[in-house]
Engineer: 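Please see the structure below; I have some questions.
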Number of protein chains: 2
Amino acid sequence: MNTETTRTQIMQHAQRLVQERGYNGFSYRDLATLIGIKTSSIHYYFPQKEDLLLAIVQQYHARWLAAIQAIDTGLSADVKLRAYVDMHRQAFCNTERICLAAALAADLASLPADIRKMLQGFYGANEDWLAQVLEQGVREGSLDMPGDVRIAARSMFAALQGSLATARLFNDSERMNDLLQAALSRQ
Amino acid sequence: MNTETTRTQIMQHAQRLVQERGYNGFSYRDLATLIGIKTSSIHYYFPQKEDLLLAIVQQYHARWLAAIQAIDTGLSADVKLRAYVDMHRQAFCNTERICLAAALAADLASLPADIRKMLQGFYGANEDWLAQVLEQGVREGSLDMPGDVRIAARSMFAALQGSLATARLFNDSERMNDLLQAALSRQ
DNA sequence: GTCTATACATTGATAGAC
DNA sequence: GTCTATCAATGTATAGAC
């Protein structure tokens, strides 16, 4: 079973390049050279660069949501939070890449409108999940949330996204351990 | 007194475009059209695009540091923190732009090495200042910091940078009010 | 499906007139 | 200082052979 189809390879490399260089920081030529094909072959699968971007973002969103939903709903809030933060930490330590959504959000004005909508969906889904867990933590008494859990969830997700960028900037995986303190210091 | 020299205009528009579209999301032609000159005139001031980027980052860094240092050192830690967070909030509400350093950090792999060094300097300077203020807060008893203030400072700055990106993504200035809660909830 | 060939616009950059 | 003119390289994209 070979999952290394051309289409798969294109998407893998394209996702990585967006995360490393931004949407405007790579070309079909870069992709073609990396894979060892011609640019016209990429156009066969993704006629326009926006088609490629759309496919990447959809796949990323679906996989990330699946990973979140794989966190056992029966767990306590603080364990869920640790698992969630660990997802970010491991994603970074394995790839040294920031979040795809954060990479695209930086170049926002240069992206098509439908991508912006998808990014909002990605951010919103994460914030919703986090808010739900924080609320559970308050109910369970394991988390001390002074204000609105919705706002706390926003701040927490922003801190996670920002920490990934900083960890890469300093090429310092150790910084990803700060994430735990950042997210869980209110316990 | 006319500060709207060509050089100034170039730098202003270029900084804005980096913050909106990323370093690879605009061209000398874009700049020339915006200002009403020819691309060769831009090359007169900034022979290479990297020269332009360097000048912008240096100016941004200097101005931001000056703004931080303008915060009265005699103030209490929590007032200093509020002033610092308010700098971010107002910067966003006036311009709807994210931090220049955060915009560049996203496209990191496509930037020259000396720019990476400057970004590290910018992040480090902010984290240092924050850590110092947090330590003051602990001494004064106005802040309850469970762990290392250095780590807390990193998380706080990451949260600020991330919140700016989210506020822009959702075109929601209200989110910048979350910053206060995010940064000061440990009071 | 992948290629060759090609089109056509854009990009960063330079030389030299004014 | 700003312009015209020009450049080679790169960018996205298409047509059609195999």
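So you know, we letter chains A, B, ... as the sequences are listed, proteins then strands, and number each from 1.
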Engineer: Need to verify one output field. Residue with the more 5' nearest nucleotide on DNA chain D, A/Arg29 or A/Ser40?
Structural biologist: A/Arg29
Engineer: Using atom OH of A/Tyr44 as one end and atom P of D/dA13 as the other, report the distance to the nearest whole Å.
Structural biologist: 18 Å
Engineer: Check the distance between C/dT2's P and A/Tyr45's OH and give it to me in whole angstrom.
Structural biologist: 4 Å
Engineer: Let me know the distance between CG of A/Leu52 and P of D/dG11, rounded to the nearest Å.
Structural biologist: 15 Å
Engineer: Rounded to the nearest angstrom, tell me the gap between atom CG in A/Asp51 and atom P in D/dT12.
Structural biologist: 13 Å
Engineer: Send over the distance from B/Ile42 CD1 to D/dC3 P, rounded to a whole Å.
Structural biologist: 10 Å
Engineer: Nearest to the side chain of B/Lys38, heavy atoms from C-beta on, is which of D/dA13, C/dT14, D/dC3?
Structural biologist: D/dC3
Engineer: Reckon B/Phe26 touches a base, only the sugar-phosphate, or nothing at all at heavy-atom distances under 4.0 Å?
Structural biologist: sugar-phosphate
Engineer: NE2 of B/His43 versus C1' of D/dG1: gap in Å, rounded?
Structural biologist: 15 Å
Engineer: Please state how far atom OH in A/Tyr28 lies from atom P in D/dG11, giving the value in whole angstrom units.
Structural biologist: 13 Å
Engineer: With the side chain of B/Ile37 defined as its heavy atoms from C-beta on, choose the nearest nucleotide among D/dC3, C/dT4, D/dT12.
Structural biologist: D/dC3
Engineer: If you take all heavy atoms of A/Glu127 and A/Ala153, which pair is closest and at what distance?
Structural biologist: O-CB, 3.6 Å
